[in-house]
Visitor: 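Okay, handing you the structure first.
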Amino acid sequence: MRVIAKKTLKVFWDKHKDCEQQLKTWYAEAKEANWKTPKDIKINYPSASFLEDNRGVFNIKGNSYRLIVKINYKYKMVWVRFVGTHAEYDKINANKI
């Protein structure tokens, strides 16, 4: 998959060092993935959730952080839409971000 934008993840892990390795691992795995449906994601990420408009929510570092991406399966693209603490996630509309 083509993951856009690694910079968003880097800015976040520079601020939150405790999740750097988990975000780097997610990024590397997503780049190598060939996701065709949410079912494919669930194989390696059983706790991932899926929202409307092809958005996926990943728990990072034992659910301390949340990552929301928008996925275009046909074109093999993943856009990072949000990365934040669980408390920050609770304050946003994950379906619209």
Side-chain angles (χ1 to χ4, degrees):
M1 306 294 285
R2 182 169 176 214
V3 181
I4 305 166
K6 183 179 183 180
K7 183 179 178 184
T8 303
L9 298 177
K10 184 179 181 335
V11 167
F12 190 80
W13 78 53
D14 283 346
K15 254 171 96 173
H16 302 272
K17 294 288 185 191
D18 62 325
C19 68
E20 179 177 357
Q21 191 54 53
Q22 290 86 353
L23 286 171
K24 284 180 175 179
T25 298
W26 179 89
Y27 178 80
E29 290 173 355
K31 268 183 48 175
E32 296 301 316
N34 186 21
W35 297 328
K36 294 184 174 129
T37 68
K39 212 163 117 174
D40 295 330
I41 295 170
K42 283 284 198 181
I43 293 168
N44 291 323
Y45 297 96
S47 66
S49 305
F50 299 94
L51 309 172
E52 59 191 52
D53 201 22
N54 287 323
R55 282 175 167 70
V57 181
F58 295 85
N59 298 320
I60 303 295
K61 196 177 178 264
N63 207 21
S64 295
Y65 301 99
R66 290 280 178 96
L67 170 64
I68 301 174
V69 298
K70 184 171 179 177
I71 305 162
N72 183 314
Y73 296 100
K74 181 178 178 182
Y75 293 105
K76 301 184 184 315
M77 299 195 62
V78 177
W79 289 271
V80 174
R81 303 298 299 146
F82 169 87
V83 60
T85 66
H86 203 290
E88 290 168 335
Y89 173 84
D90 288 341
K91 294 177 184 174
I92 64 163
N93 182 343
N95 287 306
K96 301 293 179 193
I97 198 159

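Computed from a predicted structure; not experimentally measured.
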Visitor: Show the atom names and distances, to 0.1 Å, of all donor-acceptor pairs under 3.5 Å that link a side chain in residues 68-75 to residues at least two apart or in another chain.
Guide:
unit_1: Lys70; atom_1: NZ; unit_2: Asp53; atom_2: OD2; d: 3.0
unit_1: Asn72; atom_1: OD1; unit_2: Lys74; atom_2: N; d: 3.2
unit_1: Asn72; atom_1: OD1; unit_2: Tyr75; atom_2: N; d: 2.9

Visitor: Using the side-chain contact (heavy atoms from CB on, under 4.5 Å) criterion, which residues pair with Asp90? Sequence neighbours excluded.
Guide: His86

Visitor: Could you pull out every donor-acceptor pair under 3.5 Å between side chains of residues 6-17 and any protein atom, sequence neighbours left out?
Guide:
unit_1: Lys10; atom_1: NZ; unit_2: Asp14; atom_2: OD2; d: 2.9

Visitor: Which residues satisfy the side-chain hydrogen bond (donor to acceptor under 3.5 Å, both in side chains) test with Asp18, sequence neighbours excluded?
Guide: Lys61, Tyr65

Visitor: Can you find a heavy atom in the side chain of Arg66 that is under 4.5 Å from one in the side chain of Asn59?
Guide: yes

Visitor: Enter the distance from Asn54:CG to Trp79:CH2 here, rounded to the nearest 0.5 Å.
Guide: 10.0 Å

Visitor: Linking I/L/V/M/F/W/Y whenever their side-chain heavy atoms sit closer than 4.5 Å, directly or via other members, would Ile97 and Ile4 fall into one cluster?
Guide: no

Visitor: Taking atom CG of Leu67 and atom OH of Tyr89, what is their separation to the nearest 0.5 Å?
Guide: 11.0 Å

Visitor: For residues 31-39, which side-chain N or O atoms pair as donor and acceptor with protein atoms under 3.5 Å away, sequence neighbours left out?
Guide:
unit_1: Asn34; atom_1: OD1; unit_2: Lys76; atom_2: NZ; d: 2.6
unit_1: Thr37; atom_1: OG1; unit_2: Lys39; atom_2: N; d: 3.2

Visitor: Would a single hydrophobic cluster contain both Tyr45 and Leu23, if residues Ile, Leu, Val, Met, Phe, Trp and Tyr are joined by side-chain heavy-atom contacts under 4.5 Å?
Guide: yes

Visitor: Looking at side-chain heavy atoms only, is the closest gap between Tyr27 and Val80 below 4.5 Å?
Guide: no

Visitor: The criterion is salt bridge (Lys or Arg N to Asp or Glu O under 4.0 Å); which residues satisfy it with Glu88, sequence neighbours excluded?
Guide: none

Visitor: Under the criterion side chain to side chain contact (heavy atoms under 4.5 Å, CB included), I'd like the reasoning laid out for Val3 against Trp26: C-alpha separation, chi angles, the key distance, then a yes or no.
Guide: CA-CA 10 Å; Val3 181; Trp26 179 89; 4.0 Å; yes

Visitor: Could you see if Met1 belongs to whatever hydrophobic cluster contains Ile60? Use Ile, Leu, Val, Met, Phe, Trp, Tyr and a side-chain cutoff under 4.5 Å.
Guide: yes

Visitor: Checking side chain to side chain contact (heavy atoms under 4.5 Å, CB included) for the pair Glu52/Lys96: CA distance, chi angles, key distance, verdict?
Guide: CA-CA 9 Å; Glu52 59 191 52; Lys96 301 293 179 193; 3.9 Å; yes

